[in-house]
Amino acid sequence: MPDANTRNAVYVGSFDPPTLGHLDIIQRGSRLFDRLTVGIGINPDKQPLFSPDERISLVSEMVADLPNVEIRCFEGLSVTFAREIDAAVLLRGVRTVSDIELEFTMALTNHSLAPELETVFLMASEKYSHISSTLIKQIARMGKDLADSRLQRFVPECVVEPLLERYRKIS
Ligand code: ADP
């Protein structure tokens, strides 16, 4: 197999929903690499809050000002997806020591599956290191009055309303 392009990176995750922490990694990654592909992972065994198409449009809106970032959905292994799009770097964000443990295991596994793919870690920015999609879903579930102003501290502006709308529909 020819060498993948070392200037192409891929950043995979569920992005359900995308957060300010994700956006921070994408912005920093887009400055480090020529091309950054955001890979939205589809897990057919999980029921996501936002469909793949909805997540594509939310992430697209939040990265609209980053010309070297593209968004794709994928099913299956990240390493297979990275090969398909000719990326040589798998970009990950780490928030906590417990993240590192998990990420380390994943990086070793990915390395044995695809030695040509290098995992690169960016430390979460201090102000976003507590943010996770799971936490945001919990806050949004608390209801509009409590959540709307506070959600802006966790998710990009374009995600606030769709997130609240989703919970209004569910409740
Ligand atoms: P998954 O749902 O597969 O765990 P996520 O969408 O939560 O994926 O995260 C994708 C990647 O983004 C992971 O490398 C994760 O550590 C990183 N990440 C998630 N939240 C943050 C954050 N607040 N700051 C920095 N990196 C983050």
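Every number for a ligand or one of its atoms is a count from 1 in the order of the listing. Along the sequence shown, residues are numbered consecutively beginning with 1. Keep in mind that what you see is a predicted model, and the values were worked out from it rather than measured.
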Any side-chain heavy-atom pair of T105 and E101 under 4.5 Å: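 Side-chain contact under 4.5 Å: no.
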
Note: R168-E161 ion pair, threshold 4.0 Å (strictly below):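 Yes, charged N to carboxylate O under 4.0 Å.
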
Value rounded to 0.5 Å, distance of CG in D53 from OG in S57: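 Here the rounded value is 8.0 Å.
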
Working to the nearest 0.5 angstrom, can you tell me the gap between R153 CZ and I131 CD1?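 Separation between the atoms: 10.5 Å.
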
Ligand 1: protein residues within heavy-atom distance under 4.0 Å: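 These residues qualify: Y11, V12, G13, S14, F15, G21, H22, I25, R92, G93, R95, D99, E103, A124, Y128, I131.
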
Would a distance-only check, ignoring hydrogens and angles, find a side-chain to backbone donor-acceptor pair under 3.5 Å from R166 to L49?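 Yes: the side chain of R166 pairs with the backbone of L49.
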
Please check if the side chain of R55 supplies one atom and the backbone of P18 the other of a donor-acceptor pair under 3.5 Å.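 Not a single qualifying donor-acceptor pair exists.
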
